[in-house]
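Note sheet for the following structure.
Throughout, protein chains are lettered first and strands after them, A, B, ... in sequence-line order, and every chain is numbered starting at 1. Just so you know, these numbers come straight off a predicted model, no measurement behind them.
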Amino acid sequence: MPKKKLQKEFQSPKGMRDLLPQDAAFWDKVINVGQELAQDYGFQKIETPLIEDAELFIRGTGETTDIVSKQMYFVKTAGNANLALRPEGTPGVARAYMENGMASLAQPIKLFYYGPMFRHEQPQAGRWRQLYQFGLEIFGDGSAVLDAQTIQFCFHLFRQLGLKKVNIQINSLGCPQCRPAYRRALLDYYRHRKEKLCPDCKRRLKENPLRLLDCKEEKCQPIKTQAPASVDHLCDDCRKHFKEVLEFLDELEIPYFLNSALVRGLDYYTKTIFEVFWDEEGASPMALAGGGRYDNLIKDLGGKPTPAVGMAFGLDRIVDLMKKEQVKVAQGPNFKVFLVQLGAAGRKKCLKLFEKLHQAGILAAESMSRDSIKAQMKSADRLGVKFALILGQQEALDNTVIIRDMQSGVQETVPQDKVVDELKKRFKK
RNA sequence: GUGGUCGUAGCUCAACGGCAGAGCUCUCGGUUGUGGUCCGAGCGGUUGUGGGUUCGAAUCCCAUCGACCACCCCA
């Protein structure tokens, strides 16, 4: 009979992938360290839906931002609800803050979350359409100390993960009071030099002037370095706030770089913004985390004016780096013994013995489904356990078990009800 | 979304118009119920997919999907 192709071979959608067992220890480490640290810093965990009203992101993240205007996944339903997969975490958490009346609790409210975000963009190394973020948000308090604390958390987390070559860049974008004036100054400056700009910058001049400062084109660099900086156009309040943030960071001895060209892609940021990069020789720095203050988001979403600050970590990239930098992570379970079973009777007794050992706190590895003793011994050897416990037909009849010292090869037969004691005695030596 | 490079076994790669291979991994053996080394065998592929050229295609051409890189942007 000719072979027919009955089913197509499926593959994961573009830019999406499986997180495999061999990487699980790295993911667990980032998430556990992040979670524990966040709790130590007084953050509480929140989980919000992966899908929200699309309007939440259009109004929150911003209609003109790339992640909303070009990269959002819209969700079709039988009804005509206008839903979208979340491209970032902040709007959902802000919505939850409002919807659940957290504004009437003692402020500030400090929340953390982690989970997948979805952005339909062209994938590349470290750039996924389903990406994982760990994020923090602090609502209800505009103090500069909280901006600093957020950065302190970030610094602390990277240190604890063993990633040392991180580089924190910081800037202030001002607020609705002072930003328009800065924008005008920037536009004025660039308009006079329009002819010397690269094609991309000519486009940016029209569409997104702040992005002019991001240009990497050689010919634009001299113009860029002379460009007006937002920090020179801050209103009194914003300048004082920024100064305080920097003073706190100095006090904490957290190294940072003032980067007047730092601009973030989301519309809601006010005052402090920062990004954390990984510096690698010969490669352009990669953003690992970013955040800032967003004092107008809640108001823009229809809530009462509520200052806030937050940040997000790109877990995919952090895990990649941990692997590359060979950060030590917990190994799998530390098996102490290996249960080798032979024959039907031996297998039955072994199942029971496994439970007994577990109750006694002795982690036992096994491969119950295998028949050959050879293969089982091989597994035992590979796991590096100290003892193999062999239970075959004969031992099942006698209610005994053989304890084999894997290093010396010495074997001793002991009664099954003494095994735990015998093992404990041997582990003490 | 635009441009470039690349897709062969689970992994790393050969074969570059003439029978699709190796190493590693995995499974099973090397006399009764005992691991590491060694030896042997086996499993595993419609060469990403679909067309075309050709006596003959993994190899050449087109399309498509995916990965990587650059732009764009960001985590």
Side-chain angles (χ1 to χ4, degrees), chain A residues 2-5 8-17 20 22 30 61 64-71 87-90 114 116-135 154 166 198-201 203-204 207-208 210-211 214-217 262-266 275-278 283-291 311-321 338 340-343 346 367 370-385 387-396 402-411 413:
Chain A
K3 271 191 193 172
K4 266 191 206 163
K5 198 160 193 179
K8 75 168 183 171
E9 292 240 8
F10 289 108
Q11 54 185 333
S12 61
K14 183 171 182 163
M16 302 189 181
R17 47 130 177 210
L20 298 169
Q22 58 260 35
V30 196
T61 309
T64 62
T65 60
D66 274 23
I67 66 175
V68 168
S69 66
K70 303 201 292 211
Q71 304 173 356
E88 59 131 350
T90 302
Y114 65 85
M117 309 296 159
F118 301 85
R119 299 180 188 177
H120 188 93
E121 61 182 328
Q122 204 57 248
Q124 242 174 67
R127 215 171 83 178
W128 302 95
R129 287 185 172 181
Q130 178 172 338
L131 57 119
Y132 290 82
Q133 291 193 333
F134 181 98
C154 171
V166 295
C198 70
D200 274 336
C201 279
R203 181 180 52 77
R204 290 188 181 106
E207 292 171 6
N208 199 347
L210 288 183
R211 287 257 155 240
D214 251 357
C215 186
K216 288 158 197 114
E217 199 66 40
L262 183 68
V263 179
R264 288 186 56 80
L266 312 182
E275 281 184 28
V276 182
F277 294 92
W278 179 260
S284 48
M286 183 164 59
L288 296 182
M311 71 173 306
F313 296 82
L315 299 183
D316 306 80
R317 292 176 180 184
I318 291 172
V319 165
D320 276 358
L321 280 175
F338 193 100
V340 177
Q341 42 72 33
L342 291 158
S367 48
R370 271 179 208 274
D371 293 328
S372 117
I373 185 170
K374 238 182 136 159
Q376 295 183 67
M377 290 301 290
K378 199 169 170 181
S379 303
D381 182 53
R382 264 192 284 218
L383 284 170
V385 296
F387 302 105
L389 302 185
I390 303 167
L391 211 167
Q393 297 287 15
Q394 191 59 50
E395 291 76 24
I402 299 171
I403 300 180
R404 175 185 175 87
D405 185 310
M406 291 298 282
Q407 216 160 6
S408 65
V410 174
Q411 300 193 167
T413 304

For this session: Name the closest nucleotide to the A:Leu342 side chain, picking from B:G33, B:C28, B:C68.
Result: B:G33
Exercise. Using purine N1 to pyrimidine N3 plus N6-O4 or O6-N4 for Watson-Crick, or N1-O2 and O6-N3 for G-U wobble, both under 3.5 Å, which nucleotide pairs with B:U27?
Worked result: B:A41
Seminar exercise, completed: Considering only heavy side-chain atoms of A:Gln133, the closest of B:C71, B:G35, B:A75 is B:A75
Problem set entry | Of A:Arg317, A:Met117, A:Glu88, the residue whose pairing with A:Leu131 passes side chain to side chain contact (heavy atoms under 4.5 Å, CB included) | A:Met117
For this session: Please report, rounded to the nearest Å, how far the C1' atom of B:U32 is from the NZ atom of A:Lys374.
Result: 14 Å
For this session: For B:G23 versus B:C60, give the span between their C1' atoms, rounded off to a whole number of Å.
Result: 30 Å
Exercise. Does B:U34 have a Watson-Crick or wobble mate here (both distances under 3.5 Å), and if so which one?
Worked result: none
For this session: Look at the side-chain N and O atoms of A:Arg17 and state whether any lies under 4.0 Å from the OP1 or OP2 oxygen of B:A67.
Result: no
Problem set entry | Member of A:Asp381, A:Val385, A:Ile390 meeting the side chain to side chain contact (heavy atoms under 4.5 Å, CB included) criterion with A:Phe338 | A:Val385
Exercise. Ignoring hydrogens and geometry, is there a side-chain-to-backbone donor-acceptor pair from A:Ser372 to A:Ala375 under 3.5 Å?
Worked result: yes
Seminar exercise, completed: By the Watson-Crick or G-U definition, both distances under 3.5 Å, B:G1 is matched with B:C71
Problem set entry | Mate of B:G66 where both pairing distances stay under 3.5 Å, Watson-Crick or G-U | B:C6
Seminar exercise, completed: Separation of B:G10 atom P from A:Gln11 atom CD, nearest Å, is 14 Å
Seminar exercise, completed: From CD of A:Gln122 across to P of B:A75 the rounded distance in Å is 18 Å
For this session: Using the six-membered ring wherever Trp is involved, compare the ring planes of A:Tyr114 and A:Phe134 and label them parallel, tilted or perpendicular (cut-offs 30° and 60°).
Result: parallel
Exercise. Is any N or O donor-acceptor pair between the side chain of A:Glu395 and the base of B:G33 shorter than 3.5 Å?
Worked result: yes
Exercise. Nearest of B:C73, B:U34, B:C69 to any side-chain atom of A:Met377?
Worked result: B:U34
Seminar exercise, completed: Contacts of A:Met286 and A:Arg404 projected onto RNA chain B by closest heavy atom; the upstream (5') one is A:Arg404
For this session: State which of B:G33, B:A75, B:C73 makes the closest approach to the side chain of A:Glu275.
Result: B:A75
For this session: Classify the nucleic acid contact of A:Ala380 as base, sugar-phosphate or nothing, counting any heavy atom under 4.0 Å across all strands shown.
Result: nothing
Seminar exercise, completed: Nearest-nucleotide check on RNA chain B, A:Ile67 vs A:Ile373; residue mapping nearer the 5' end is A:Ile373
